[in-house]
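Beneath this line is the structure, given in C-alpha coordinates, with notes to follow.
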Amino acid sequence: GEIRWAPEQHLSRGLTLDQTVEAVQEGLEAGAEEVRHAGGSIRVGQLVSAMRHADRGLEIALDLAFQCSPDHPWITEHPEWFVFRADGSVAHAENPPKLYQDIVPLDFDSVAWRELWQALADVVRHWRARGVRVFRVDNPHTKPFAFWEWLIAEMQREDPEVVFLAEAFAAPPVMMHLAKVGFTQSYTHFPWQHTPWQLRDYVTMLTTGEPAEYLRSNSWPQTPDILT
(Lines give C-alpha, C1' and ligand atoms only; values in the text may rest on other atoms or scores of the structure.)
Protein backbone atom coordinates (compact mmCIF):
# COMPACT_ATOMS: atom_id res chain seq x y z
CA GLY A 1 0.00 0.00 0.00
CA GLU A 2 0.93 3.65 -0.14
CA ILE A 3 0.19 6.80 1.79
CA ARG A 4 -0.13 9.90 -0.39
CA TRP A 5 0.28 13.21 1.39
CA ALA A 6 1.84 16.68 1.16
CA PRO A 7 4.36 17.45 3.95
CA GLU A 8 4.10 21.21 3.38
CA GLN A 9 0.51 21.06 4.58
CA HIS A 10 1.61 19.70 7.98
CA LEU A 11 4.13 22.21 9.32
CA SER A 12 1.84 24.15 11.68
CA ARG A 13 3.50 22.74 14.82
CA GLY A 14 6.99 23.81 13.85
CA LEU A 15 8.25 20.58 12.28
CA THR A 16 10.59 20.73 9.32
CA LEU A 17 9.80 18.91 6.08
CA ASP A 18 12.28 16.16 6.95
CA GLN A 19 10.82 15.75 10.42
CA THR A 20 7.26 15.36 9.11
CA VAL A 21 8.36 12.66 6.65
CA GLU A 22 10.35 10.88 9.36
CA ALA A 23 7.39 11.01 11.77
CA VAL A 24 5.04 9.48 9.22
CA GLN A 25 7.59 6.79 8.38
CA GLU A 26 7.95 5.90 12.07
CA GLY A 27 4.20 5.51 12.32
CA LEU A 28 4.08 3.27 9.25
CA GLU A 29 6.88 1.09 10.60
CA ALA A 30 5.15 0.83 13.99
CA GLY A 31 1.93 -0.23 12.32
CA ALA A 32 3.70 -2.81 10.16
CA GLU A 33 5.34 -4.23 13.27
CA GLU A 34 1.94 -4.63 14.96
CA VAL A 35 0.65 -6.48 11.91
CA ARG A 36 3.66 -8.83 11.99
CA HIS A 37 3.06 -9.56 15.68
CA ALA A 38 -0.51 -10.48 14.78
CA GLY A 39 0.77 -12.98 12.21
CA GLY A 40 0.14 -10.85 9.13
CA SER A 41 2.24 -9.04 6.59
CA ILE A 42 1.96 -5.56 5.13
CA ARG A 43 4.15 -3.19 3.15
CA VAL A 44 3.30 0.50 3.11
CA GLY A 45 5.33 3.32 1.61
CA GLN A 46 5.03 7.08 1.33
CA LEU A 47 4.18 8.92 -1.86
CA VAL A 48 5.13 12.49 -1.02
CA SER A 49 3.38 15.22 -2.96
CA ALA A 50 4.49 18.82 -3.43
CA MET A 51 1.89 21.55 -2.92
CA ARG A 52 2.09 25.22 -3.84
CA HIS A 53 3.69 27.16 -1.01
CA ALA A 54 3.96 30.95 -1.06
CA ASP A 55 7.26 31.07 0.81
CA ARG A 56 8.89 28.86 -1.81
CA GLY A 57 7.41 30.63 -4.84
CA LEU A 58 6.27 27.32 -6.33
CA GLU A 59 3.23 26.74 -8.53
CA ILE A 60 1.94 23.18 -8.77
CA ALA A 61 -0.29 21.93 -11.60
CA LEU A 62 -2.78 19.21 -10.66
CA ASP A 63 -3.73 16.45 -13.11
CA LEU A 64 -7.54 16.53 -13.06
CA ALA A 65 -9.17 13.26 -14.19
CA PHE A 66 -12.90 13.11 -13.50
CA GLN A 67 -13.54 9.40 -12.98
CA CYS A 68 -13.76 7.02 -10.04
CA SER A 69 -12.20 3.86 -8.72
CA PRO A 70 -14.49 0.79 -8.41
CA ASP A 71 -14.63 1.22 -4.61
CA HIS A 72 -15.35 4.96 -4.61
CA PRO A 73 -18.15 5.85 -2.14
CA TRP A 74 -20.00 7.84 -4.79
CA ILE A 75 -20.96 4.57 -6.53
CA THR A 76 -23.12 3.51 -3.58
CA GLU A 77 -24.05 6.99 -2.36
CA HIS A 78 -24.96 8.36 -5.82
CA PRO A 79 -25.64 5.44 -8.18
CA GLU A 80 -27.55 7.83 -10.45
CA TRP A 81 -24.19 9.36 -11.43
CA PHE A 82 -23.04 6.13 -13.09
CA VAL A 83 -24.05 3.65 -15.78
CA PHE A 84 -25.00 0.15 -14.65
CA ARG A 85 -25.14 -3.00 -16.77
CA ALA A 86 -28.17 -5.27 -17.03
CA ASP A 87 -26.68 -7.58 -14.40
CA GLY A 88 -26.50 -4.70 -11.90
CA SER A 89 -22.73 -4.20 -12.07
CA VAL A 90 -21.31 -0.77 -12.70
CA ALA A 91 -19.90 -0.16 -16.18
CA HIS A 92 -16.14 0.31 -16.43
CA ALA A 93 -14.24 2.51 -18.84
CA GLU A 94 -13.56 1.17 -22.32
CA ASN A 95 -11.48 2.36 -25.26
CA PRO A 96 -11.68 -0.66 -27.60
CA PRO A 97 -9.83 -2.87 -27.66
CA LYS A 98 -8.69 -1.71 -24.21
CA LEU A 99 -10.74 -2.32 -21.07
CA TYR A 100 -10.04 -0.37 -17.88
CA GLN A 101 -11.39 -2.45 -15.01
CA ASP A 102 -9.91 -0.02 -12.47
CA ILE A 103 -11.78 3.02 -13.83
CA VAL A 104 -15.48 3.83 -13.52
CA PRO A 105 -16.60 6.72 -15.74
CA LEU A 106 -19.14 9.28 -14.61
CA ASP A 107 -22.44 9.71 -16.46
CA PHE A 108 -22.47 13.40 -17.33
CA ASP A 109 -25.87 12.97 -19.02
CA SER A 110 -27.59 11.39 -16.03
CA VAL A 111 -30.91 12.72 -14.74
CA ALA A 112 -28.96 14.10 -11.76
CA TRP A 113 -26.37 15.92 -13.86
CA ARG A 114 -26.78 19.19 -11.96
CA GLU A 115 -25.83 17.56 -8.65
CA LEU A 116 -22.93 15.73 -10.31
CA TRP A 117 -21.58 18.91 -11.89
CA GLN A 118 -21.75 20.74 -8.55
CA ALA A 119 -19.93 17.87 -6.82
CA LEU A 120 -17.14 18.02 -9.42
CA ALA A 121 -16.90 21.78 -9.02
CA ASP A 122 -16.45 21.20 -5.29
CA VAL A 123 -13.52 18.88 -6.09
CA VAL A 124 -11.80 21.75 -7.89
CA ARG A 125 -12.65 24.12 -5.04
CA HIS A 126 -11.11 21.64 -2.59
CA TRP A 127 -7.75 21.82 -4.37
CA ARG A 128 -7.97 25.54 -4.97
CA ALA A 129 -8.39 26.02 -1.21
CA ARG A 130 -5.05 24.23 -0.85
CA GLY A 131 -3.23 26.53 -3.22
CA VAL A 132 -3.65 24.81 -6.59
CA ARG A 133 -4.57 27.18 -9.40
CA VAL A 134 -3.35 25.26 -12.45
CA PHE A 135 -5.34 22.22 -13.60
CA ARG A 136 -4.23 19.93 -16.42
CA VAL A 137 -7.48 18.26 -17.45
CA ASP A 138 -7.28 14.65 -18.62
CA ASN A 139 -9.06 13.98 -21.93
CA PRO A 140 -11.57 16.84 -21.68
CA HIS A 141 -12.94 16.09 -25.16
CA THR A 142 -14.51 12.89 -23.79
CA LYS A 143 -16.78 14.96 -21.51
CA PRO A 144 -19.57 17.35 -22.54
CA PHE A 145 -18.26 20.70 -23.76
CA ALA A 146 -21.15 22.37 -21.90
CA PHE A 147 -19.78 21.02 -18.62
CA TRP A 148 -16.33 22.52 -19.18
CA GLU A 149 -17.79 25.85 -20.28
CA TRP A 150 -19.83 26.01 -17.07
CA LEU A 151 -17.06 24.75 -14.75
CA ILE A 152 -14.31 27.00 -16.10
CA ALA A 153 -16.58 30.05 -15.99
CA GLU A 154 -17.54 29.26 -12.39
CA MET A 155 -13.95 28.75 -11.24
CA GLN A 156 -12.63 31.84 -13.01
CA ARG A 157 -15.49 33.91 -11.65
CA GLU A 158 -14.35 32.91 -8.16
CA ASP A 159 -10.63 33.27 -9.01
CA PRO A 160 -9.66 34.84 -12.36
CA GLU A 161 -6.11 33.45 -12.03
CA VAL A 162 -7.20 29.80 -12.27
CA VAL A 163 -5.69 28.12 -15.35
CA PHE A 164 -7.09 25.10 -17.21
CA LEU A 165 -4.93 23.14 -19.67
CA ALA A 166 -6.69 20.77 -22.09
CA GLU A 167 -4.76 17.50 -22.38
CA ALA A 168 -6.29 16.42 -25.68
CA PHE A 169 -4.51 15.37 -28.86
CA ALA A 170 -7.68 15.77 -30.89
CA ALA A 171 -8.33 17.04 -34.38
CA PRO A 172 -8.24 20.83 -34.92
CA PRO A 173 -12.04 21.41 -34.74
CA VAL A 174 -12.17 19.74 -31.33
CA MET A 175 -9.19 21.69 -30.01
CA MET A 176 -10.72 24.94 -31.25
CA HIS A 177 -13.98 24.12 -29.49
CA LEU A 178 -12.16 23.40 -26.21
CA ALA A 179 -10.41 26.77 -26.47
CA LYS A 180 -13.70 28.52 -27.14
CA VAL A 181 -15.38 27.02 -24.06
CA GLY A 182 -12.63 28.46 -21.87
CA PHE A 183 -9.47 26.36 -21.71
CA THR A 184 -6.51 28.65 -21.14
CA GLN A 185 -4.06 26.45 -23.04
CA SER A 186 -4.36 23.23 -25.01
CA TYR A 187 -2.35 20.42 -26.43
CA THR A 188 -2.54 20.19 -30.23
CA HIS A 189 -2.80 17.73 -33.10
CA PHE A 190 0.90 18.41 -33.73
CA PRO A 191 2.03 14.75 -33.21
CA TRP A 192 -0.07 13.63 -36.18
CA GLN A 193 1.54 16.06 -38.63
CA HIS A 194 4.32 13.96 -40.20
CA THR A 195 5.44 15.56 -43.43
CA PRO A 196 7.09 18.97 -43.86
CA TRP A 197 4.06 20.41 -45.64
CA GLN A 198 1.70 19.11 -42.94
CA LEU A 199 3.79 20.70 -40.20
CA ARG A 200 4.09 23.97 -42.13
CA ASP A 201 0.37 24.21 -42.84
CA TYR A 202 -0.59 23.25 -39.30
CA VAL A 203 1.72 25.74 -37.59
CA THR A 204 0.62 28.44 -40.03
CA MET A 205 -2.99 27.75 -39.12
CA LEU A 206 -2.18 27.97 -35.39
CA THR A 207 -0.17 31.17 -35.61
CA THR A 208 -1.74 33.24 -38.37
CA GLY A 209 -5.24 31.91 -38.90
CA GLU A 210 -8.45 32.61 -37.03
CA PRO A 211 -7.63 30.08 -34.24
CA ALA A 212 -4.62 32.23 -33.26
CA GLU A 213 -7.13 34.67 -31.77
CA TYR A 214 -8.23 32.25 -29.05
CA LEU A 215 -6.28 28.95 -29.15
CA ARG A 216 -3.14 28.99 -26.99
CA SER A 217 -1.41 25.81 -28.12
CA ASN A 218 1.41 23.65 -26.83
CA SER A 219 3.34 21.42 -29.26
CA TRP A 220 5.52 18.87 -27.52
CA PRO A 221 8.45 17.64 -29.66
CA GLN A 222 8.56 14.40 -27.68
CA THR A 223 5.50 12.58 -26.36
CA PRO A 224 6.65 8.95 -25.97
CA ASP A 225 3.38 7.94 -24.27
CA ILE A 226 1.62 8.19 -27.64
CA LEU A 227 4.56 6.84 -29.68
CA THR A 228 5.48 9.98 -31.58
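All residue numbers in this chain count up from 1 along the given sequence. These numbers come from the heavy atoms of this one structure, side chains and all, not from hydrogens, waters or symmetry mates.
Hydrophobic cluster membership of Y100, counting Ile, Leu, Val, Met, Phe, Trp and Tyr whose side-chain heavy atoms lie under 4.5 Å apart directly or via other members: I103.
Looking at L17 and V21, their side chains never come closer than 4.5 Å, going by heavy atoms from C-beta outward. No side-chain heavy atom of W81 sits less than 4.5 Å from a side-chain heavy atom of C68. Considering only heavy atoms from C-beta on, E167 comes within 4.5 Å of N139 through its side chain. Contact annotation: the side chain of T184 never approaches that of L165 to less than 4.5 Å [non-hydrogen atoms, C-beta and beyond]. Under the 4.5 Å side-chain criterion, counting only non-hydrogen atoms from C-beta, M176 is in contact with M205. Contact check for P70 versus H92: side-chain heavy atoms found under the 4.5 Å cut-off.
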Query raised in the report: Would V83 and V90 count as a side chain to side chain contact (heavy atoms under 4.5 Å, CB included) if you check the C-alpha gap in whole Å, the side-chain angles of each, and the deciding distance to 0.1 Å?
Result: CA-CA 6 Å; V83 175; V90 67; over 6 Å; no
Report task. For D159 and R133, run side chain to side chain contact (heavy atoms under 4.5 Å, CB included): C-alpha distance rounded to whole Å, both residues' side-chain angles, the deciding distance at 0.1 Å, then the answer. Result -> CA-CA 9 Å; D159 182 358; R133 293 185 299 176; 3.5 Å; yes
Requested in this report: Quick one: do R128 and M155 satisfy side chain to side chain contact (heavy atoms under 4.5 Å, CB included)? Show the steps, please.
Outcome: CA-CA 9 Å; R128 281 179 42 216; M155 297 301 104; 3.4 Å; yes
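Taking the six-membered ring where tryptophan is involved, the planes of W117 and W150 are tilted, since the angle between them lies from 30° to 60°. By the 30° and 60° cut-offs, the orientation of the rings of F145 relative to H177 is parallel. Between F66 and W148, the ring-plane angle classifies as parallel under the 30° and 60° cut-offs.
For the residue pair T16/D18, the side-chain donor-acceptor check at 3.5 Å is not satisfied. Side-chain contact check for H37 and E33: at least one donor-acceptor pair (N or O, by modelled atom type) lies under 3.5 Å.
Nearest heavy-atom pair, L178 versus A166, reported as atom, atom and distance to 0.1 Å: CD1-CB, 4.2 Å. The two residues K143 and D138 come nearest to each other via the heavy atoms NZ-O, 4.3 Å.
A donor-acceptor contact shorter than 3.5 Å is absent between the side chain of S217 and the backbone of S186. Judged purely by atom type and a 3.5 angstrom limit, S89 has no side-chain atom pairing as donor or acceptor with the backbone of R85. In this structure, E29 contributes its side chain and E26 its backbone to no donor-acceptor pair below 3.5 Å. For the pair Q156 (side chain) and V162 (backbone), a donor-acceptor distance under 3.5 Å is present. The closest donor-acceptor contact from the side chain of H78 to the backbone of E80 lies at 3.5 Å or more, if one exists at all.
Under the 6.0 Å cut-off for aromatic ring centres, W113 and F108 do not qualify, their centroids lying 6.0 Å or more apart.
A distance of 8.0 Å separates CG in L116 from CG in D107, rounded to the nearest 0.5 Å.
Between E158 and R125 a salt bridge is recorded (basic side-chain N to carboxylate O distance below 4.0 Å).
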